[in-house]
Amino acid sequence: MKRLTLQALKFTYFAGCFWYLFTIPVQAYIDPSAVTYVVQMVAGVLIALGAVLAVFRHKIFAFFRKNKSTKEGQGTTIEFKDVDD
């Protein structure tokens, strides 16, 4: 536990020094329309992922149902033979 804390402290120190030494302070302005583009890109990716999941939903559910039924049903099959007396 002590070693983990020491490693975390070293990493934090290194990251802080790296950030302080290699960042350049600037006077910048982010245009609101640029933020809108970012929001549109994120929304587009989320909508595309939702569409892909909706299209392949049946295949995904069938895959998990198949694995579940084979794991639960192993060794429980009983076969009956017709015996004529």
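Because only heavy atoms are used, hydrogens play no part in the values below, and waters and symmetry mates are left out as well, while side chains stay in.
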Ile47-Val39 co-clustered via ILVMFWY side chain contacts under 4.5 Å
no

Taken in chain and number order and not counting sequence neighbours, the residues that satisfy side chain to side chain donor-acceptor pair (under 3.5 Å) with Thr36 are none

Rounded to the nearest 0.5 angstrom, the NZ-NZ distance for Lys66 and Lys59 is 12.0 Å

Check: Would you say the side chain of Arg57 lies within less than 4.5 Å of the side chain of Ile60, judging by non-hydrogen atoms?
Finding: no

Applying the 4.5 Å side-chain criterion to the ILVMFWY set and letting contacts propagate, would Leu53 and Phe56 be lumped into a single cluster?
yes

query = If two hydrophobic side chains count as joined below 4.5 Å and joins carry through other members, does Val42 share a cluster with Val35?
reply = no

Under 3.5 Å, which donor-acceptor pairs link side chains of residues 8-27 to any protein atom two or more places apart or in another chain?
unit_1: Thr12; atom_1: OG1; unit_2: Ala8; atom_2: O; d: 2.8
unit_1: Thr23; atom_1: OG1; unit_2: Trp19; atom_2: O; d: 2.8

> Is there a path of hydrophobic side-chain contacts, each under 4.5 Å between heavy atoms of I, L, V, M, F, W or Y residues, that connects Val55 with Phe64?
Replying inline: yes

